[in-house]
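The structure displayed is predicted, hence computed values, not measured ones.
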Amino acid sequence: MKKVFLESHNLKNPYFGFGQFNIQLLKAFKNLPKEVQLTIHSPNILQDRKQFGNSFNYKKYFSFRRYENLRIRKKYDLWHSLNQNTKIEPYHDIPYLLTVHNTVFPEQKTHPNHIRFQEKLLKSKGITYISEFAKSSTHQYFEIPDVPEYVVYNGNPIQELMIPTNFKPNIIPHEPYLFFIGEFAPRKNLKCLLDLIEILPDHNLVLAGKNNTSYGEEMREVIQQKKLENRVHLVGKISDTEKQFYYKNCEAFVFPSLREGFGLPIVEAMFFQKPIFSSNKTSLPEIGQDLVFYWENFQAEAMKDAFENGMKIFNTKKEFYLKALKDRAQYFSWKNAAEDYLKIYNELIYN
């Protein structure tokens with residue numbers, strides 16, 4: 001049986017996009033028949049074996065493997081780099097598949113991350129992209145070798161409602177609230193939401209995700225300056241149950257991000273059939289299509305007008321949106337993604 005190594009060390013980061021990609025893809029692989037033997041690069045073998053089962057082999061992850069002389073020396077028939085930014089590489093020159101999530105410092109050609117990403121592209125025997133946008137932007141800024149390329153959409157990790165009866169998170173806004181989830185980083189463009197909520201006095205705002213960042217500190221300062229401490233709730237990293245609660249009970253989901261390779265939270269919000277307001281940047285219109293209301297600029301009054309108009313349209317055509325959002329959410333399937341990757345493995349190994 002041919003052997004495929006999955007460079008999946010970001011399993012240790014379940015609250016980040018790369019971590020979720022690793023986790024959800026491996027969960028889907030677990031339940032599929034496989035013609036290849038998959039090896040997981042595991043930060044915690046006992047924990048990962050419990051989560052993913054015994055149909056995989058496991059290779060312990062050590063951070064020192066990033067150094068060239070200490071790289072993994074076992075030869076595999078294919079090495080799949082699930083994490084485009086990793087420094088973990090094979091010791092030997094073996095067939096290499098790279099999954100591209102987004103472009104890395106695209107215009108800064110001397111930046112070490114740009115250089116490393118370009119090297120990964122050039123060594124690849126095949127390249128997968130998580131969206132057509134990720135593919136087109138990579139072609140725009142990087143040299144692409146003449147190898148097979150594929151677009152494989154991420155799946156929706158939320159497939160069923162799992163909120164226990166009478167469950168309540170620690171923080172529950174009293175007013176109707178808007179919900180956001182994601183890392184607190186400049187590209188997420190969260191400060192504009194503070195300007196928006198300031199002129200929507202009948203609404204609260206719940207912001208979930210890692211916020212102990214420098215951008216998170218800037219957000220706290222703005223919240224204090226605007227005296228929004230009682231209306232803007234920073235709930236930090238949350239459990240899957242808490243996440244489902246906030247999606248289910250929000251009035252709308254808001255996602256003003258300026259740069260996304262895919263935009264998974266939009267798909268999650270679709271599962272809950274919520275009005276979705278997003279930036280019109282990068283991959284987001286590709287994923288949201290005409291079921292999402294888009295902000296074309298981020299001035300508070302313009303955002304407010306778009307929000308109020310979007311809510312009016314949603315409520316006027318509610319039956320249409322509820323069905324269409326449900327159908328669109330089901331379109332994104334980790335099972336389908338895993339099946340596509342297994343086909344790609346076979347194509348690259350045997351061609």
Going from NZ on K75 to NE2 on H92, what distance comes out if it is rounded to the nearest 0.5 angstrom?
5.5 Å

Are F298 and L207 grouped together when hydrophobic residues (ILVMFWY) are joined by side-chain heavy atoms under 4.5 angstrom apart?
yes

Between the side chain of N249 and the main-chain N/O of F245, is any donor-acceptor distance below 3.5 Å?
yes

Is E339 salt-bridged to K335, cutoff N-O under 4.0 Å?
yes

Test of understanding: clusters of I, L, V, M, F, W, Y form through side-chain heavy atoms closer than 4.5 Å, transitively. Do F320 and F271 belong to the same one?
yes

In plain terms, say whether E198 and K226 are close enough for a salt bridge, that is, a side-chain N and a carboxylate O under 4.0 Å apart.
yes

Which of these, F272, F180, F253, F179, sits in a ring-ring contact (aromatic ring centres under 6.0 Å, His included) with Y246?
F179

Determine the minimum heavy-atom distance between S8 and L82, stating which atoms define it.
CB-CD2, 4.3 Å

Could you check whether E7 and H80, counting side-chain N and O atoms only, form a donor-acceptor pair closer than 3.5 Å?
no

For the aromatic rings, using the six-membered ring if either is Trp, is the centroid distance between H203 and F307 under 6.0 Å?
yes

With heavy-atom distances below 4.5 Å as the criterion, would you say the side chains of S131 and Y153 are in contact?
yes

Please confirm whether H101 and F18 have ring centers closer than 6.0 angstrom.
yes

Close side-chain approach of S278 and I266, heavy atoms under 4.5 Å:
yes

Are L348 and M1 in one and the same hydrophobic cluster, where Ile, Leu, Val, Met, Phe, Trp and Tyr link if side-chain heavy atoms are under 4.5 Å apart?
no

Measure from the side-chain N and O atoms of K274 to the backbone N and O of K248, and report whether any donor-acceptor pair falls under 3.5 Å.
yes

Ring centroid separation for F293 and Y321, is it under 6.0 angstrom?
yes

For a quick test of reading the model, state the closest non-hydrogen atom pair linking L264 to P157 and the distance between them.
CD1-CD, 3.7 Å

Between T103 (side chain only) and P106 (backbone N and O only), is there a donor and an acceptor less than 3.5 Å apart?
no

Minimal heavy-atom distance between L78 and I349, with the atoms involved, is CB-CG1, 4.0 Å

Return each pair, listed once, that meets salt bridge (Lys or Arg N to Asp or Glu O under 4.0 Å) where at least one residue sits in residues 110-120; pairs must be two or more places apart or across chains.
E89-K120

Quick check: do I130 and V152 have side-chain heavy atoms less than 4.5 Å from each other?
no

Side-chain polar contacts of residues 60-70 - donor-acceptor pairs under 3.5 angstrom, sequence neighbours left out - could you list them?
| residue | atom | partner | partner atom | Å |
| --- | --- | --- | --- | --- |
| K60 | NZ | P43 | O | 2.6 |
| R65 | NH1 | L70 | O | 3.1 |
| R66 | NE | S63 | O | 3.0 |

Strictly by modelled atom types, are E149 and Y129 linked by a side-chain donor-acceptor pair under 3.5 Å?
yes

Within the side chain of K237, is there an N or O that forms a donor-acceptor pair under 3.5 Å with the backbone of A208?
no

Does the ring center of W334 lie less than 6.0 Å from the ring center of F21?
yes

Within 45° cone of F56 ring axis and under 6.0 Å: K34 NZ or CZ:
yes

Here the gap from E218 atom CD to I223 atom CD1, rounded to the nearest 0.5 Å, amounts to 12.0 Å

So, T128 and T99: side-chain donor and acceptor under 3.5 Å apart, yes or no?
yes

Anything under 30° is parallel, anything over 60° is perpendicular, the rest tilted; go ahead and classify F29 against Y345.
tilted

What's the spacing between E251 CD and D202 CG if we round to 0.5 Å?
9.5 Å

With heavy-atom distances below 4.5 Å as the criterion, would you say the side chains of R328 and V267 are in contact?
no

Between E242 and S239, do the side chains contain a donor N or O and an acceptor N or O under 3.5 Å apart?
yes

Going through the distances and angles, do F5 and H41 end up as a ring-ring contact (aromatic ring centres under 6.0 Å, His included)?
CA-CA 7 Å; F5 184 82; H41 203 195; 5.1 Å; yes

Go through F105 and H111 one step at a time and tell me if the ring-ring contact (aromatic ring centres under 6.0 Å, His included) criterion holds.
CA-CA 7 Å; F105 296 91; H111 194 286; 3.7 Å; yes

Nearest heavy atoms of S42 and D48, plus distance in Å
OG-OD2, 2.6 Å

After noting the C-alpha distance and the side-chain angles of Y215 and F184, does the key distance pass the ring-ring contact (aromatic ring centres under 6.0 Å, His included) rule?
CA-CA 6 Å; Y215 190 76; F184 282 45; 7.2 Å; no

Looking at T86 and N83, would you say the former's side chain and the latter's main chain have a donor-acceptor pair under 3.5 Å?
no

So, E260 and S257: side-chain donor and acceptor under 3.5 Å apart, yes or no?
yes

Is there a donor-acceptor pair closer than 3.5 Å between any side-chain N or O of W295 and the backbone N or O of M303?
yes

Just by modelled atom types, is the V235 backbone N or O under 3.5 Å from a matching donor or acceptor in the H233 side chain?
no

Check for me whether K125 meets the cation-pi criterion with Y96, that is, NZ or CZ under 6.0 Å from the six-membered ring centre and within 45 degrees of the ring axis.
no

Does one side chain, of Y150 or E347, offer a donor that lies under 3.5 Å from an acceptor on the other?
yes

Note: D195-K191 ion pair, threshold 4.0 Å (strictly below)
no

Would you name the heavy atoms of E286 and E132 that are closest together and state the gap between them?
OE2-N, 2.8 Å

Reported CG-to-NZ distance for the pair L325 and K323, which is rounded to 0.5 angstrom:
11.0 Å

Would you say the side chains of N22 and N10 form a donor-acceptor pair under 3.5 Å?
no

Using atom types as modelled and distance alone, determine if a side-chain donor or acceptor of Q84 lies under 3.5 Å from a backbone N or O of S81.
no

Output yes when E268 and K243 qualify as a salt bridge under the 4.0 Å nitrogen-oxygen rule, no when they do not.
yes

Taking S333 for its side chain and N336 for its backbone only, find out whether a donor-acceptor pair lies under 3.5 Å.
yes

Among the clusters formed by ILVMFWY side chains lying less than 4.5 Å apart, do F133 and Y294 turn up in the same one?
no

Got a donor-acceptor contact below 3.5 angstrom from the E143 side chain to the L122 backbone?
no

Going by atom types alone, do N204 and H174 pair a side-chain donor with an acceptor below 3.5 Å?
no

Using the six-membered ring wherever Trp is involved, compare the ring planes of F117 and F142 and label them parallel, tilted or perpendicular (cut-offs 30° and 60°).
perpendicular

Single-linkage hydrophobic cluster V206~F167, side-chain heavy atoms < 4.5 angstrom
yes

Distance from I158 atom CD1 to Q24 atom CD, nearest 0.5 Å?
9.0 Å

Hey, is E217 close enough to R220 for a salt bridge, meaning N to O under 4.0 Å?
yes

What closest approach, in Å, do R49 and Y58 show between heavy atoms, and which atom pair accounts for it?
CA-OH, 3.3 Å

Does a side-chain N-to-carboxylate-O contact under 4.0 Å join E175 and R231?
no

